Structures are given as structure tokens and as C-alpha cells.
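Heads up: the structure comes next, in C-alpha cells.
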Number of protein chains: 2
Amino acid sequence: MRLNLNKIITMQLLKETLQREGLRYTKQRQEIWNELRSSNEHRDAEEIFFALRKRGLEISRATIYRTIDVLVKYNLIDKLDIGDGRARFEYNDKYLHHDHLICTSCGKIVEFHNDEIEELQKKIAKQHNFKFSHHSHQLFGICEDCK
Amino acid sequence: MRLNLNKIITMQLLKETLQREGLRYTKQRQEIWNELRSSNEHRDAEEIFFALRKRGLEISRATIYRTIDVLVKYNLIDKLDIGDGRARFEYNDKYLHHDHLICTSCGKIVEFHNDEIEELQKKIAKQHNFKFSHHSHQLFGICEDCK
DNA sequence: TATTTTATTGAGATTAAGTCTCATTAAAAT
DNA sequence: ATTTTAATGAGACTTAATCTCAATAAAATA
């Protein structure tokens, strides 16, 4: 298959989300979304800025931050706090969602997914009459190598 | 009971933790710990600073931040990110631990505790050979009043 | 108890993540 | 093609958090 179907589908997702919310499908939003989408890393705003610059794109930091806010708000990316001073973000694949286990000694990040926890989260939100949208869930400890 | 036993016990906990780690049991650390301990609020560094000031204590912001780092490191308080730009902290009562459900519209915070999730967290850390210390767990959604 | 050692503190300078402003640009509606 | 209005860029601005270093005070030692 020559066609990048996955990319087409996710770009369509962005377009539809923005249209649904009455927002514009701009070149910059496409580039930022594509950059986050095409990598599994946990990236901060500055890294995204330099990644786009490296690809020859002129884009403002303000636009990075503004676009990130939109993507988080509509659940296209997840925000993640690993305890250094910056917010990190990653593509939210709803069908392969994961949380994070972080070593407080070396900073290593292990991703995990647990359906039981996801179910319990929905249940708890429902009990309190909340319309559940997303969660932030980090476990901290000392990894095998650092023990 | 005239004696504030609860306070004596928690002050002892601070003293023993600091001694165990070779750190000093200072007046400032006692005051900050006492301030956090005596309230259930989710407070940021600035609020703690002003609370102590109001009680006539001269203390530096730098000391607040440094002490908070120590208390978080040794699990005496929990760090919490509700999505505004500041870190918030609260007394970590190990026997009455709770997580947070946050309304993204009005900012309301509902506390909850779920033993099943706690057990799953320990299990996941163990599976990855991590020595589990603590977690950060926030659920986001829209509350009943905002729907 | 007095002295010594060394971690901690205070005050303010510094850093840097993130936000804001406003003139300009470009989506998308007409 | 024209109009409308949201989005962008560049850099100033804000502010949470960190850093510096001389002064202070815990706690160890004599």
C-alpha cells in the first residue's frame, strides 16, 4: 500500500473536529497535529517548535501553544506531567490508550494500559454525575536498574 | 481531650522522616508542614506563603518551595495538577488517601477514593519491577451543574 | 555547656514556561 | 470576487519556580 491511510484518517479527524467546533482547519494546525501524530514521544512545546523548524516551517511559539490547547481540549492529544517543569503531550490514540509509570530516580517512562482502571474511572465519574472526558494518571517509583 | 494528639503524631512523623534522611528539623519546615497538615485544601506555594505571613511568620518563598520539594519527595504531601499553571499540594493521609475529579468548566474538585484502583496501581508497578512510591491521578469532565 | 561543623534560610536576582497584544494574514462564508 | 472574522507572527510580558551567596541556626563534638 503506497497510500498512507492512517495519516489520511487522522487528518480527517482533525478537520472534522475543528469544523464541528466552528474552528478553522489551518496549515499550522495540520502541521502540529501531523508532527504529534507521527511520533510516540512525549514532547514539550519547544520540541515541537524545533521539529517543525527543522522541516523548514516558519511557525510561532504562540501558535504551538494555542494549537496544543485546542488539541487537548478536544481530546486529540493527552497532556502529561512527569514532574520536570514542562507540560508534555502525545497523540491520543483512543484505541491504544496508555498511562505512565515514571522512575523518580532516572526519569525512565514505561507506558501501560489497564482496562479495569479505565472502567473504574468511568464508573466513578458517573457516580458523581460528571460527563467524563479524559484523565491524567501517572505512577511514580524506582525502576529495576535504579534499585 | 485537650491535647492535640493528631498534631503531636504528625509532627513526630515529620521529625522522624527528616532524621532518617539526615535532614534538619527546622522551625520553617515545622510551620509549613503544620500549615499543610491542618487544612484539607489544595494549596499552591503562594497560598502557603501568605497563610504563614498572616500568622506573623517571616519566611522566604524559596524556603516554601524547597520544603515542599522535600515533603513531596518523602511522601508527606501529594502534588496535584488541576490544569491551571501552578502546582498544588495537600497533606497525604496514607489512611485516607484520595484522588481528584475535576470539572473542566467551573473548576470544581470532587475527591474520591477507590481501593480497587490503588490495588491495580501496585500490581502494575510490580509487574514492571518498580518499587512503587506514589501516584498522580486526575479525572476530568463536566459536572452536573455545568452540563 | 561552649565550640565547631555544615545544612538551611532569606532576599532578591534570574530563568523559562506559558500568555498576551495587535497589526497582518488567510480560511471560509457570501 | 468580495467580505467577514478567526488565526497567526513577533516579540513584549507575566509569573511560577529556581538559583546565588552571605548569614543563621540545627546538631554533632569536645
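Protein chains get the first letters and strands the later ones, always in sequence-line order, with residue 1 at the start of each. This structure is a prediction, so every number in the text was calculated from the model and none was measured.
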Which of residues 43-58 of chain B have a heavy atom under 4.0 Å from DNA chain D?
->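 Per residue number, the list is empty: none.
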
C:dA11 phosphate, OP1 or OP2, under 4.0 Å from B:S60 side-chain N/O |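 Checking B:S60 against C:dA11: no side-chain N or O falls below 4.0 Å of OP1 or OP2.
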
Between P of D:dT18 and CD1 of B:I64, the distance in whole Å =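 Distance, rounded to whole Å: 13 Å.
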
Whole-Å distance between D:dT15 P and A:R86 CZ?
->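 After rounding, the reported distance stands at 22 Å.
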
Residues touching DNA chain C, which here means a heavy atom under 4.0 Å, drawn from residues 22-33 of chain A |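 Of all residues in residues 22-33 of chain A, the ones placing a heavy atom under 4.0 Å from DNA chain C are A:R24, A:Y25.
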
Of all of residues 75-84 of chain A, which get a heavy atom below 4.0 angstrom from DNA chain C, listed by number?
->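 The answer is none.
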
Knowing that exactly one of A:I109, A:I82, A:L101, A:L80 qualifies, which makes a side chain to side chain contact (heavy atoms under 4.5 Å, CB included) with A:Q138?
->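 Testing A:Q138 for a side chain to side chain contact (heavy atoms under 4.5 Å, CB included) against A:I109, A:I82, A:L101, A:L80 leaves exactly one candidate, A:L80.
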
Can you name the closest pair of heavy atoms from A:L13 and A:W33 and give their distance?
->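 That closest heavy-atom pairing would be CD2-CZ2, 4.3 Å.
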
Please identify each residue that fulfils ring pair (Phe, Tyr, Trp, His ring centres under 6.0 Å) with A:F140, with sequence neighbours left out.
->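 Listed in chain order: B:H134.
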
Any chance you could measure A:R43, atom CZ, to A:I68, atom CD1, to the nearest 0.5 Å?
->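 One finds 10.0 Å between CZ of A:R43 and CD1 of A:I68.
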
If we ignore angles and hydrogens, is there a donor and acceptor under 3.5 Å between the side chains of B:E90 and B:H42?
->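 A donor-acceptor contact under 3.5 Å links the two side chains.
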
Does a donor on one side chain and an acceptor on the other come within less than 3.5 Å for A:H137 and B:D99?
->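 No - no donor-acceptor pair under 3.5 Å links their side chains.
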
List, with names and distances, any nitrogen or oxygen atoms from the protein found under 3.5 Å away from nitrogen or oxygen atoms belonging to nucleotides 19-22 of chain C.
none

Taking NZ, NE, NH1 and NH2 as the nitrogens, is one of them in B:K73 or B:E21 under 4.0 Å from a carboxylate oxygen of the other?
->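 Between B:E21 and B:K73 there is no salt bridge, as every charged N stays at least 4.0 Å from the carboxylate O atoms.
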
State plainly whether the residues B:K122 and B:E118 are in salt-bridge range, i.e. N to O under 4.0 Å.
->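 Salt bridge: no.
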
When the aromatic ring centroids of A:H98 and A:H113 are compared, is their separation below 6.0 Å?
->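 So the answer is no for these two rings.
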
Set of salt bridge (charged side-chain N to carboxylate O under 4.0 Å, His left out) partners for A:R66, sequence neighbours left out |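 In terms of salt bridge (charged side-chain N to carboxylate O under 4.0 Å, His left out), with neighbours along the sequence ignored, A:R66 is linked to no residue.
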
